[in-house]
Amino acid sequence: MPQGQPDSVPDDGLTTRQRRNRPLLMVHTGTGKGKSTAAFGTALRAWNQGWSVGVFQFVKSAKWKVGEENALKVLGASGEGGSVIWHKMGEGWSWVQRDDQSDNEAKAREGWEQVKRDLAAETYRLYVLDEFAYPLHWGWIDTDEVVEVLRSRPGTQHVVITGRNAPAALLEAADLVTEMTKVKHPMDAGQKGQRGIEW
């Protein structure tokens, strides 16, 4: 386990153990590659600890095959770690922009309503809200409501949110924020995404 000393210890009345085990809100944002990949890495760690994991994909189409999906589903069904349930909420609307987005907006809202129900029921120990920053950025889902629901979630439920342009209020509420910054990408030189790297 990584050893280190915090910069400061808050006067919150919690023991070191209580503070170490409190539920976290994590956000992976920025223009660089790897936001979802990092979140799925966290899901692997959670699975290994025997935690139940709920993945909610808010953008990628239900028709797309995401490499981590198959791997996590197989692990979840193996009986060796925690369970893994995968929910697909979108139709690929962050990548394929259409004139009328009302159906996609409705699906995003339905997805958020499901997340709220699962948080209230403490269905999972780790929630991966993949590409959830997009519907917040576009105003499809109210950021202030999301922050309030996540701040008041019961139990020890951890939440990871990914996507570009995460709203400032979400970043302020988060315990951990990572910004992926692109320095260089093969697409800059005209190379398309490839199997095993992008999916």
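Taking each heavy atom of Asp144 and Ala169 in turn, the nearest pair found is OD1-CB, 4.4 Å. Between Ala166 and Ala133, the closest heavy-atom pair is CA-CB, 3.9 Å. Scanning all heavy atoms of the two residues, the minimum distance from Arg117 to Gln114 falls at NH2-OE1, 2.8 Å. Minimum heavy-atom separation, Trp112 to Phe58: N-CE2, 3.7 Å. Here the closest non-hydrogen pair linking Val27 and Ala174 is CG2-CB, 3.8 Å.
A 4.5 Å side-chain heavy-atom check between Leu129 and Val115 finds at least one atom pair inside the cut-off. In this structure, Arg164 and His28 have side chains that are not in contact, with every pair of non-hydrogen atoms separated by 4.5 Å or more. Annotation: side chain of Asp130 is not in contact with side chain of Phe56 (no heavy-atom distance under 4.5 Å). Gln57 has its side chain out of reach of Val128: every pair of non-hydrogen atoms, C-beta onward, lies at least 4.5 Å apart. Put simply, the side chain of Phe132 does not reach to within 4.5 Å of the side chain of Tyr134, judged on heavy atoms. The closest side-chain heavy-atom distance from Ile197 to Lys33 is below 4.5 Å.
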*Decide side chain to side chain contact (heavy atoms under 4.5 Å, CB included) for Ile85 and Val53; before the verdict, give the C-alpha distance in whole Å, the side-chain angles of both, and the deciding distance to 0.1 Å.*
CA-CA 6 Å; Ile85 305 297; Val53 177; over 6 Å; no
_Is there a salt bridge (charged side-chain N to carboxylate O under 4.0 Å, His left out) between Glu105 and Arg109? Walk through the geometry before answering._
CA-CA 6 Å; Glu105 183 174 349; Arg109 287 188 179 148; 2.8 Å; yes
_Steps toward ring pair (Phe, Tyr, Trp, His ring centres under 6.0 Å) verdict (Trp86, Phe40)_ = CA-CA 12 Å; Trp86 203 282; Phe40 295 141; 5.3 Å; yes
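In this structure, Asp175 contributes its side chain and Leu25 its backbone to a donor-acceptor pair below 3.5 Å. Side chain of Thr29 to backbone of Glu179: no donor-acceptor contact under 3.5 angstrom is found.
With salt bridges taken as basic N to acidic carboxylate O contacts below 4.0 Å, none links Glu131 and Lys35. Salt bridge Glu68/Lys73: absent, no basic N to carboxylate O contact under 4.0 Å.
Connection of Met180 to Leu171 is not established within any shared hydrophobic cluster, with ILVMFWY side chains joined at heavy-atom distances below 4.5 Å, either directly or through further cluster members.
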For residues 43-51, tabulate all N or O donor-acceptor pairs below 3.5 Å that involve a side-chain atom, not counting sequence neighbours.
residue : atom : partner : partner atom : Å
Trp47   : NE1  : Leu75   : O            : 2.9
Trp47   : NE1  : Gly82   : O            : 3.3

In a table with atom names and distances, give each donor-acceptor pair under 3.5 Å that connects a side chain of residues 152-160 to protein atoms at least two apart or in another chain.
residue : atom : partner : partner atom : Å
Ser152  : OG   : Glu148  : O            : 2.9
Ser152  : OG   : Val149  : O            : 3.4
Arg153  : NE   : Gln157  : O            : 2.7
Arg153  : NH1  : Leu150  : O            : 2.5
Arg153  : NH2  : Leu24   : O            : 3.1
Arg153  : NH2  : Gln157  : O            : 3.2
Thr156  : OG1  : Arg125  : NE           : 3.1
Gln157  : OE1  : Tyr127  : OH           : 2.5
Gln157  : NE2  : Leu119  : O            : 3.0
Gln157  : NE2  : Pro154  : O            : 2.8
His158  : ND1  : Leu24   : N            : 3.0

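Counting heavy atoms of neighbouring residues, nucleotides and ligands inside a 6.0 Å radius, atom CD of Glu172 does not exceed 12 of them.
Atom CG of residue Leu136 and atom CD1 of residue Ile141 lie 6.0 Å apart, to the nearest 0.5 angstrom.
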